[in-house]
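See below for the structure under consideration.
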Amino acid sequence: MTDEWVRVGTPEEVAARGCTLVTAPGRAIAVFAVDGAFQAIDNRCPHMGFPLNRGTLRDGILTCHWHHARFDVTSGGTLDPFADDAPSFDTEVRDGAVWVRTRPRTQDAVARTLQRIAEGLREDIGLVLAKGSVALQAATARDGTAWLAPALATAAEYGCTHRAGGWASGMTILTAMANVAPALDAADRPLGLYHGLVHVARDCDGQPPLVPQRALGGSRATLDELGRWLRRSVEVRDEDGARRVVLTALERGAGPAEMSAMTFAAATDHLYLSGGHALDFLNKAFELLELIGWEHAPAVLTAALIPVSRATRAEEASNWRQPVDLVELVARAWSRADTLAAALAARPSGPADDLVPTLLGEDPAAAANALVDALLGGRAPADLAQALAYAAALRMARFPTTNEFGDWIAVLHTFTYCNALHRALLRAPTAELCRGLLHGAMAVHLDRFLNVPAARLPVADPTRDGFPQAFLELLDAQQQVEPAAQMVASRLVHTDEGVVAALGRAVLREDAEFHTYQTLEAAWRQYGGRRGTEEGRRILVAASRYIAAHAPTPRAMLRTAEIAERLHKGEALFENEAMDGAGPA
Ligand code: FES
């Protein structure tokens with residue numbers, strides 16, 4: 001062996017063997033004699049690790065004997081997207097011997113991994129995405145979360161352009177799991193990315209792509225004019241017009257604050273669009289841009305505008321009209337806020353939880369008027385949204401399991417909407433967006449029947465121990481809502497260390513449904529502003545109840561992720577000697 005080169009044998013010996021296995025640092029290389037030449041590829045099948053020297057080589061194609069992936073023996077390139085290209089190696093004949101270089105031909109692990117992630121998204125192959133998530137973290141750094149950004153950008157450019165319906169739950173899950181990644185155990189961060197990527201791929205699979213739009217080239221329209229045009233387009237559900245206006249505003253240099261003001265105004269001209277999802281999605285789009293860079297704004301924001309343009313409006317829902325016309329009620333309350341000052345961002349911040357009893361009360365007018373009074377009284381809009389999010393979290397904390405199971409989603413919708421509104425108001429607190437406070441308050445009001453009878457908040461038992469393992473074991477069984485909440489509450493008496501990570505693990509080991517990811521992320525976000533407080537503890541208790549209610553599932557995604565992890569570590573997954581039958585032909 002010299003530096004990177006290993007002697008394989010004489011040409012005659014190698015030709016006679018057909019395939020020679022060479023040991024190199026960290027890997028085995030299969031060297032094949034083919035038509036008087038010598039080809040070398042990594043001996044581990046890139047799909048699930050079967051030894052390729054036990055495959056069949058015919059007409060230049062090497063076929064693995066496990067799941068029958070096929071490889072061009074000269075390059076390692078696969079004909080089957082579910083597998084991966086096998087690393088290939090240079091060979092040469094010198095000094096009467098065949099030599100193989102132990103350094104693979106392709107060296108840029110990050111670029112290669114991102115390419116595979118892009119292919120996994122296009123082909124909707126979970127194992128490819130799981131392997132890419134593990135490999136990307138390993139190729140960059142084990143700690144931190146900066147390594148996520150290129151994968152997020154890859155997924156954004158795909159997910160925001162390959163679905164005619166625009167931004168959907170997959171992009172939301174992807175962003176939510178990237179947001180919460182710093183609070184997860186480092187080993188679970190690739191799992192979070194994998195979940196997000198899988199849901200983006202599923203959302204786009206079989207969907208017509210989004211027809212591209214363009215900016216109004218040469219437009220001299222001001223941002224104020226463009227903002228009005230956008231609202232008018234959304235008003236009549238003209239998504240193409242809305243996207244062109246957004247692209248024009250971006251081309252004219254609008255930044256995050258201007259775009260936020262413009263788009264959230266359009267998203268709050270009507271009440272509680274699509275059960276809160278449209279505003280939530282739009283906020284997530286801005287959060288994603290904070291992670292991957294503003295240069296992706298054209299693709300991301302135009303995709304997020306589609307669910308806003310297509311949204312159902314609470315005005316169209318009977319429960320917002322009867323027995324109390326909440327739409328009229330909101331309009332009446334808001335009419336007093338016409339004089340709301342523009343300089344909302346400069347207001348001093350302070351807790352607004354004194355409003356929570358009113359927000360949870362029986363009188364929707366009192367709730368709406370209390371918020372308007374608070375705004376007119378100079379309180380910061382984001383503080384009001386934070387109080388609203390806390391009220392919504394209490395609806396989840398007090399959700400009795402005697403309710404219909406599907407109603408968990410109703411209280412979750414309100415909570416995640418209020419969390420999104422809080423984030424959006426921190427970003428750009430405009431008077432128009434403040435209307436969302438009243439919309440959220442009406443949703444909290446409507447959810448009141450889901451707290452009848454109200455579940456009791458758990459009493460912490462400081463003697464309980466074993467967190468997080470005991471908590472996770474608890475969630476191996478169904479119907480553990482109250483025990484799980486009590487365990488979390490008991491842990492929080494001592495410390496919050498590891499609580500969000502355990503909740504994250506509890507979500508990511510399941511085949512979680514969209515709203516469970518939202519619960520985790522919104523609770524993490526809202527707890528972050530209330531760390532160490534009783535209110536913060538109740539938010540995490542609320543999340544633990546929701547997560548426990550939705551566990552366990554078959555955990556199929558976890559199985560795939562574990563396979564990817566084991567493959568990455570070089571573990572052998574095949575054990576069936578019956579498959580060893582055929583050697584290289
Ligand atoms: S095709 Fe080779 S291990 Fe699956």
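Just so you know, these numbers use all the heavy atoms, side chains as well, and skip hydrogens, waters and symmetry mates.
A search for side chain to side chain contact (heavy atoms under 4.5 Å, CB included) contacts involving Pro483 returns Leu474, Gln480, not counting sequence neighbours.
Judged by distance alone, with hydrogens and angles left aside, the side-chain atoms of Ser260 form no donor-acceptor pair with the main-chain N or O of Ala257 at under 3.5 Å. In this structure, the side chain of Thr516 does not engage the main chain of Ala512 through any donor-acceptor pair within 3.5 Å. Formation of a donor-acceptor pair under 3.5 Å by the Arg189 side chain with backbone atoms of Ala181 is found in this model. Listed for the Thr416 side chain is no donor-acceptor partner under 3.5 Å among the backbone atoms of Leu412. Judged purely by atom type and a 3.5 angstrom limit, His296 has no side-chain atom pairing as donor or acceptor with the backbone of Glu157. Checked by atom type and distance alone, the side chain of Arg530 never pairs as donor or acceptor with a backbone atom of Thr533 at under 3.5 Å.
Sorted by first and then second residue, the ring pair (Phe, Tyr, Trp, His ring centres under 6.0 Å) pairs with a member in residues 234-271 read Phe264-Phe286; sequence neighbours excluded. Judged as a salt bridge (Lys or Arg N to Asp or Glu O under 4.0 Å), the pairs with a partner in residues 283-312 (not counting sequence neighbours) are, in order, Glu239-Arg310, Lys284-Glu287, Lys284-Glu521, Glu287-Arg423, Glu287-Arg525, Glu290-Arg427. Within the structure, no pair that satisfies the salt bridge (Lys or Arg N to Asp or Glu O under 4.0 Å) test touches residues 404-419, not counting sequence neighbours. Note on residues 199-209: pairs passing side-chain hydrogen bond (donor to acceptor under 3.5 Å, both in side chains), not counting sequence neighbours, are His199-Tyr517.
Using a 4.0 Å cut-off between a side-chain N of Lys or Arg and a carboxylate O of Asp or Glu, Glu315 and Arg321 do not qualify as a salt bridge. Under 4.0 Å is where a charged nitrogen must lie from a carboxylate oxygen, and between Arg231 and Glu235 no such pair does. We find that Asp496 and Arg531 are joined by a salt bridge, their nearest charged nitrogen and carboxylate oxygen being less than 4.0 Å apart. A salt bridge between Asp373 and Arg379 is absent, with no side-chain N of the basic residue lying under 4.0 Å from a carboxylate O of the acidic one. Comment: Arg491 does not engage Asp461 in a salt bridge, judged by the lack of any side-chain N to carboxylate O separation of less than 4.0 angstrom.
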Please table the atom pairs, donor to acceptor, closer than 3.5 Å between any side-chain atom in residues 392-402 and protein atoms at least two apart or in another chain.
unit_1, atom_1, unit_2, atom_2, d
Arg395, NE, Val444, O, 3.0
Arg395, NH1, Asn451, OD1, 3.3
Arg395, NH2, Val444, O, 3.0

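Note that CG of Leu355 and CG of Leu437 are 10.0 Å apart. Values are rounded to the nearest 0.5 Å.
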**OP:** May I have the step-by-step check of side-chain contact (heavy atoms from CB on, under 4.5 Å) for Leu472 and Arg509, ending in yes or no?
**Re:** CA-CA 10 Å; Leu472 292 170; Arg509 69 179 179 166; 3.8 Å; yes
**OP:** Apply side-chain contact (heavy atoms from CB on, under 4.5 Å) to the pair Leu433 and Leu425, showing each step before the final yes or no.
**Re:** CA-CA 7 Å; Leu433 180 54; Leu425 282 169; 3.6 Å; yes
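Nearest heavy atom pair, residue Ile306 against residue Ala164, reads CD1-O, 3.7 Å. In plain terms, the two heavy atoms of Ile409 and Tyr546 that are nearest each other are CG1-OH, 3.8 Å. Residue Arg336 comes nearest to Leu376 through the heavy atom pair O-CD1, 3.6 Å, listed as atom of the first residue, atom of the second, then distance.
Contact check for Phe281 versus Thr175: no side-chain heavy atoms found under the 4.5 Å cut-off.
For an aromatic pair to be called close, the ring centres must be under 6.0 Å apart, and His550 with His515 fails this. Checked against a 6.0 Å centroid threshold, the rings of Tyr417 and His422 do not count as neighbours.
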